[in-house]
Amino acid sequence: HVQLVESGGGLVQPGESLTLSCAGSGGDSLDGYAVGWFRQAPGKEREGVSCLSSIDSITYSASSVKGRFTISRDSGKITVYLQMSGLKPEDTAVYYCAADSAAFFVRDVGDANKYRSWGRGTRVTVSS
């Protein structure tokens, strides 16, 4: 498994933007890994936000964030980003990065139970 470290969380006002980053510790490459962003709000279950399959051929995006959030990787496949725009109070949560070297079926790309490597999370608070 790869160790992951998230960064970029913080407090923003509704409508603002924020970009989260996730990298393998020590500069480990995430090439060949499916990667995803998940979030967990207080009192709620962890849910998939945006995910990419190992060769970026499959993208999962939760309906609640479509058109507002974008997942991407850098060209060196070391860092994964989650660009968030038009943030809403309901986006408030701890955001986790996850990765796995398995080749996922389409139905599994957004399934948190399929990912074996997880970061510790970064908190995003959207409030006026």
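Values below: every heavy atom of this structure, side chains too, minus hydrogens, waters and symmetry copies.
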When you look at [atom1] of [X], are more than 12 heavy atoms from neighbouring residues, nucleotides or ligands closer to it than 6.0 Å?
X	atom1	answer
Glu45	CD	no
Glu16	CD	yes
Lys77	NZ	yes

Donor-acceptor under 3.5 Å ([X] side chain, [Y] main chain):
X	Y	value
Asp100	Ala34	no
Glu6	Arg120	yes
Thr92	Thr125	no
Ser85	Arg68	yes

Inset, instruction - Please check if the distance between the ring centroids of Tyr115 and Tyr96 is under 6.0 Å. - result: no

State, with a plain yes or no, whether a side-chain heavy atom of [X] is found less than 4.5 Å away from one of [Y].
X	Y	value
Val124	Asp91	no
Leu11	Val126	no
Leu30	Ile78	no
Gln83	Ser72	yes
Val49	Leu82	yes
Phe38	Glu47	no
Ile58	Leu52	no
Ser50	Tyr60	no

Between [X] and [Y], which heavy-atom pair has the shortest distance, and what is it?
X	Y	result
Lys66	Ser61	CE-O, 3.1 Å
Pro14	Ser128	CD-N, 3.7 Å
Gly32	Ser54	O-CB, 3.4 Å

Inset, instruction - Measure the spacing between OH of Tyr95 and CG of Leu18 and express it to the nearest 0.5 Å. - result: 9.0 Å

Inset, instruction - Could you please spell out the steps behind the side-chain contact (heavy atoms from CB on, under 4.5 Å) verdict for His1 and Ser101? - result: CA-CA 8 Å; His1 301 330; Ser101 58; over 6 Å; no

Inset, instruction - Identify whether the distance between the nearest side-chain nitrogen and carboxylate oxygen of Asp31 and Arg73 falls below 4.0 Å. - result: no

Inset, instruction - Start with the C-alpha gap between Asp111 and Phe104, add the side-chain angles, then the distance that decides, and say whether side-chain contact (heavy atoms from CB on, under 4.5 Å) holds. - result: CA-CA 10 Å; Asp111 184 353; Phe104 289 162; over 6 Å; no

Inset, instruction - Kindly determine whether Tyr81 and Asp74 satisfy side-chain contact (heavy atoms from CB on, under 4.5 Å), including the steps that lead there. - result: CA-CA 8 Å; Tyr81 302 99; Asp74 68 336; 4.0 Å; yes

Inset, instruction - Using side chain to side chain contact (heavy atoms under 4.5 Å, CB included) as the criterion, point out the one residue from Val65, Val94, Leu20 that pairs with Arg39. - result: Val65

